Amino acid sequence: MTNLSTPKSFEGLQSDAPIGIFDSGVGGLTVVRRIMERLPNERIVYFGDTARVPYGTKSVPTIRKYAAEDTALLLKESPKVIVAACNTVSALALDIVAQVANGIPTIGVVAAGARLAAERSPRGRIGVIGTEATISSGAYYDAIKHLKPTANVFSKACPLFVPLAEEGLLSHLATRLIAEDYLSELITQEIDTLVLGCTHYPLLRNVIADVVGKSVLIIDSAEAVALEVELLLCAARLLNPNVHHLPSKFIVSDLPTKFNRIAECFLGFLPQHIEVIFPDSH
Ligand code: DGL
């Protein structure tokens, strides 16, 4: 859930402070990409927990522990807002993120994606796809039903989409066949809107859109959260008025051999200023 904090939370925050964004690994770079496109003056500090990815297959206590540690790591960068780019964390641990953030506003992708879907779905027949953990949490279902009680929400976990995106199999026949299998139930339910409820799925957008058909509106939770960050910073008068003099920074907990190739694919360019730091355990 989004924690759009009360104005008191903005006291003492500076417009030139960075936007802190974290994810279980490289997937959250799709969110960084959308935020950079929408807010080009802002400096981003990103943390990707590449040593412990994936989160989507882990137990709830582990996801919550990692989310707390990731937030604590980002807090050291004095951000003006913290974005949980990971759908799994947003679904299961956003309360912990807000608690550790200790007054710094926090935003998660689930509430942002749910809001856009509820607003834009023509007939309220909404499909949601995500990791096992996100879908079994029911977080998207609850958030959409809360905003639009008349909506019919159909959810489907699509775990193989994560490795397929990381392997760069974006238009491979195997991806197409798996997409057809995963999405068949949602097609049968005649959805008019489909929420991409995982950081990796925007990379597979073309094949997913092709399988569900052109009439289905695709909601990218990365785009949705970028819009929400802009609205929040604008309301708090915390948008940076000029291009930031410092470059954005990318922190990871491990630098796997394929990092550069995957990161470039998710971000659209090769990230510079990469630091390797492992979060402190509590
Ligand atoms: N970042 C995760 C999410 O959006 C996907 C990868 C993972 O399972 O950690 O849910």
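Along the sequence shown, residues are numbered consecutively beginning with 1. Both counts, for ligands and for their atoms, begin at 1 and track the order of listing. A quick note: this is a predicted structure, and the numbers were derived from the prediction, not measured. Below, each value reflects all heavy atoms present in this structure, side chains not excepted, and no hydrogens, waters or symmetry copies.
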Asker: Below 4.0 Å from any atom of ligand 1, which residues have a heavy atom? Give them in chain and number order, please.
Answerer: Asp23, Ser24, Val53, Pro54, Tyr55, Gly56, Cys86, Asn87, Thr88, Thr131, Cys198, Thr199, His200

Asker: Just wondering, do Val153 and Lys145 contact through their side chains at under 4.5 Å, heavy atoms?
Answerer: yes

Asker: Scan residues 150-171 for pairs that pass salt bridge (Lys or Arg N to Asp or Glu O under 4.0 Å), counting only residues two or more places apart or in two chains.
Answerer: Lys156-Glu185, Glu167-Lys258

Asker: Using the ring-ring contact (aromatic ring centres under 6.0 Å, His included) criterion, which residues pair with Tyr182? Sequence neighbours excluded.
Answerer: Phe161

Asker: Measure the CZ-OG distance between Arg176 and Ser171 for me, rounded to the nearest 0.5 Å.
Answerer: 11.0 Å

Asker: Working to the nearest 0.5 Å, report the span between NE2 of His200 and CG of Asp23.
Answerer: 7.0 Å

Asker: Please list all pairs passing the salt bridge (Lys or Arg N to Asp or Glu O under 4.0 Å) test where one or both residues lie in residues 85-105, with sequence neighbours left out.
Answerer: Arg64-Asp95

